[in-house]
There are 2 protein chains.
Amino acid sequence: MSKRVSTRTEAVPLIAEVFREHGYEGTSLSLITSATGLGKGSLYNFFPGGKEEMATAVLDHIEAWFAAHIFVPLATAKAPLPAIDAMFVSVEEYFLSGRRVCLVGAFALADTRDQFSSAVRTYFLQWLDSLAKALVRAGHRPAQAKTLSEEIVSEIQGAIILTRALEDPAVFRRALKRLKELTLQPA
Amino acid sequence: MSKRVSTRTEAVPLIAEVFREHGYEGTSLSLITSATGLGKGSLYNFFPGGKEEMATAVLDHIEAWFAAHIFVPLATAKAPLPAIDAMFVSVEEYFLSGRRVCLVGAFALADTRDQFSSAVRTYFLQWLDSLAKALVRAGHRPAQAKTLSEEIVSEIQGAIILTRALEDPAVFRRALKRLKELTLQPA
DNA sequence: GTCTATAGATCGATAGAC
DNA sequence: GTCTATCGATCTATAGAC
């Protein structure tokens, strides 16, 4: 288990995986120690705020990753369709075809939503907004782009749930294929 | 908080709400005591297996409700379209327009999935299967009905996440409206 | 059958040695 | 800066009074 990291930066992705697997309440410092090789001394040195600060750092890290790889390209790329395609590729890889939980979505379901509501809200608003912008540039009407982006983000989240429930990544891949086709049909 | 119930049957729906709000790991017996008015003596009298048996009882109760109100009507009603419409009405009411968590979906995301994988899997398989059957009777081709049922169940789950993340039940209602329209267009 | 008291374990967090 | 030891709180579960 111990990957024996020695910096805060290296620790964050490993801690993220623990939160993804066990949820916020189910994650204990001993699990984090097992995953990182860091004792409590080091953990509280890196994260003086304890478990809550670890979760905040993880959410920040996730949002930064999505911003760099998905949100910004969607919102700014000159060619919208390749950016949308790249989003689907990134999503499939990032979520391991639906086997890997979206931590932000999981936090939205749990009561931790109240604690981290701002980060959860921002993540999804950025995704919806950047995707809608790309869809508009791809020829969709603004109202339709808004609806379509909601449909896409929703179904990605739901497909993760269904994929894990049935333990069948094909569910996730079929969902992405359907959604991708929807983006190609401006009305 | 205390609703002062006095039987196992009355307690199960109240316990279900605690699990929905706090998740499996986040639910403590003291929270359940607060919600039901039952002390630990009564709780262990009704559920000798403790917290795990409470969760199992809740999952059984949920599955029975969905079977009676949604799965069986979908699979057996002579007129499929009214049954599908009734499903959307039931879903909107049951999940309080997306404000109320689907406990089975939440369990599919958490590591409790392993513990309750059979119940989680059965719930979603029944939903997918009964809905696909209704769609076939409504004129969809079998393969299309399977895909469409996956899309509908997935997006209902995802819409709950997005609704809670944005704290906007309109997201859920828009999703249901979109999905309902999809069922009316046999190709 | 339901209560209180409590066991035994684990939680998050802190203190102090080094 | 990282360790071990430990605190106080809380957890699930049990025991025994009534």
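Numbered from 1 within each chain, the chains take letters A, B, ... in sequence-line order. None of these values were measured; they are calculated from a predicted model.
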Legend entry - Of A:F66, A:F88, A:F172, the residue whose pairing with A:Y94 passes ring-ring contact (aromatic ring centres under 6.0 Å, His included): A:F66
Inset, instruction - Would you kindly compare A:G41 and A:L29 by the position of their nearest DNA chain C nucleotide and give the one closer to the 5′ end? - result: A:L29
Gap between atoms [atom1] and [atom2], on [X] and [N] respectively (whole Å):
| X | N | atom1 | atom2 | answer |
| --- | --- | --- | --- | --- |
| A:F46 | D:dG1 | CZ | C1' | 8 Å |
| A:E25 | D:dC11 | CD | P | 10 Å |
| A:N45 | C:dT14 | CG | C1' | 14 Å |
| A:F47 | C:dG12 | CZ | C1' | 15 Å |
| A:K51 | C:dC11 | NZ | P | 9 Å |
| A:L43 | C:dG12 | CG | P | 11 Å |
| B:K40 | D:dC11 | NZ | C1' | 8 Å |
| B:Y44 | C:dG1 | OH | P | 18 Å |

Legend entry - Heavy-atom donor-acceptor pair, B:E10 side chain to B:S6 backbone, under 3.5 Å: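 Flag set: sc B:E10 to bb B:S6 pair under 3.5 Å.
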Inset, instruction - Assign A:T7 to base, sugar-phosphate, or nothing according to its heavy-atom contacts below 4.0 angstrom with the strands shown. - result: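 Since no nucleic acid heavy atom lies under 4.0 Å of A:T7, the category is nothing.
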Inset, instruction - Going by the side chain to side chain contact (heavy atoms under 4.5 Å, CB included) test, name the single residue among A:V153, A:L131, A:L135 that passes it with A:L148. - result: A:L135
Legend entry - Side-chain N,O (A:S30) to OP1/OP2 (C:dT10) below 4.0 Å: no
Legend entry - Short side-chain N/O contact to D:dT10 OP1/OP2 from B:S28, under 4.0 Å: no
Which donor-acceptor pairs under 3.5 Å do side chains of residues 53-62 of chain B form with protein atoms, sequence neighbours excluded?
{"unit_1": "B:E53", "atom_1": "OE1", "unit_2": "B:G49", "atom_2": "N", "d": "2.6"}
{"unit_1": "B:T56", "atom_1": "OG1", "unit_2": "B:E52", "atom_2": "O", "d": "3.0"}

